[in-house]
Amino acid sequence: MMESITKISPRAALLANISAVVVKIGTNALCGADDRLDHRIIAQLAADVAQVWRQRNIRVTLVSSGAIGAGMTELALTKRPKDLPMLQAAAAIGQSRLINSFAAALQPHGLHAGQILVSRRDFEDRVRYLNLRNCLHALQRCGALPIINENDAVTVDEIRFGDNDLIAAHVTNLLQADLLILLSVVDGLQDGSGRVQPLVETLDASVAHLVRPERSPRGSGGMGGKLAAAAVVRTAGEPVLIANGKEPNVVQRLLAGEELGTLLRPAQRRLSARSRWISLTARTRGAMTVDTGAAAALRNNKSLLAGGIVATSGDFAPGDAVAIVDSAGQVIARGLSNYSRDDVEKIKGHKSREFSQLLDSETWYDEVVHRDDLVLE
Ligand code: GLU
């Protein structure tokens, strides 16, 4: 008897069991030709997302740009302000417009809009990160679509991402969502002759070469930013789709496996939730250089002990993320240090039985970085 073999496309296979998705929509996709927020597009996206949520039971989290763009329209500004307080003001004015539009568009579908405004600190600080995750889950439990944007009215300088593609990537990792969809006004990653690449296997130099430098006057990402965000998600082990947000029912169609846009295949290994935070989100505060023996031990899934540490740099406290570097200067792992830099300086090169005296303390950790807190590069 002949067995029937159904051929599944690589895309359909990758998207077969999605249970949670993060969708990011850019400013230009949300605005009409007159540069105003296009409430029809917002209504279309709300219906699309509601359908996916209700019919397919897929949890959706939205990351939406458009606050600054909407604020610029409201203030009749034709150019994005260079003056930071004006940019903050435009965001404050536009964000309320944006969320009101989403709330009105979701209501007929029985969904609430749950606005969350974030800064880089909410991701880098482990406790804030976990609190953010709790809030997202709670919103979804009470039938609210989380709608995330950067808190542009108060985030400046080093606490600012300035890029919602990247925020969406970190949200994907935070939720361990199975897919990130980046919606803008391009149809996907195009090759040299303008044809959309349906599938990208790895993010190597040949792909970077396809990125065109142009950016829009209102948005901030561009394709370069999208690929940087995609790298964060695919390194964690999840796929990314880049598609045109103006396409009707784009989320449903993408999830049904339709060959729209560009699919970026994930890396082979899937990192755990904690590993994603350690290696991709936490800010690396310093580094420890290790000898060859310690480097080999780490590669064999062993903890980092003080005996193998030869040097430190940066300024780290207990619990901070550090890079672990081999003698050639290559980062081989990232992990959370049990000790401050000052204390590692005291115990480096020593055995743990000497720690009590070196640290002048009754208690200590045998491991400088425990294997459970380590992620190999
Ligand atoms: N947070 C900005 C806004 O809402 C958008 C940032 C971006 O385009 O990536 O206007």
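Order of listing sets the numbers, starting from 1, for every ligand and every atom in it. Side chains are part of it too, since the values below use all heavy atoms of this structure and drop only hydrogens, waters and symmetry mates.
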Counting only pairs under 3.5 Å, give me each side-chain donor-acceptor contact of residues 291-310, with atom names and distances, residues two or more places apart or in other chains.
residue, atom, partner, partner atom, Å
D291, OD1, G293, N, 3.3
D291, OD1, A294, N, 2.9
S303, OG, R371, N, 2.9

Please report, to 0.1 Å, the donor-acceptor pairs under 3.5 Å made by any side chain of residues 41-52, with sequence neighbours excluded.
residue, atom, partner, partner atom, Å
D48, OD1, Q252, N, 3.1
D48, OD1, Q252, NE2, 2.9
D48, OD2, V250, N, 3.1
D48, OD2, V251, N, 2.7

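In summary, the atoms of ligand 1 found under 4.0 Å from a heavy atom of D163, numbered by their order in the structure, are 9 (O).
Between G66 and ligand 1, at least one pair of N/O atoms sits closer than 3.5 Å. For the pair S64 and ligand 1, the shortest N or O to N or O distance does not fall below 3.5 Å. Taking any N or O of N149, backbone or side chain, at least one lies under 3.5 Å from an N or O belonging to ligand 1. Between G162 and ligand 1, no pair of N/O atoms sits closer than 3.5 Å.
Heavy atoms of D152 found under 4.0 angstrom from ligand 1 belong exclusively to the side chain.
For the pair L14/R265, a side-chain contact is recorded, criterion being any heavy-atom separation below 4.5 Å from C-beta on.
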Q: Could you please spell out the steps behind the side-chain hydrogen bond (donor to acceptor under 3.5 Å, both in side chains) verdict for S119 and N151?
A: CA-CA 6 Å; S119 75; N151 194 351; over 6 Å; no
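Look at R195 and D191 and you find a salt bridge, because one of the NZ, NE, NH1 or NH2 atoms lies within 4.0 Å of a carboxylate O, short of that distance.
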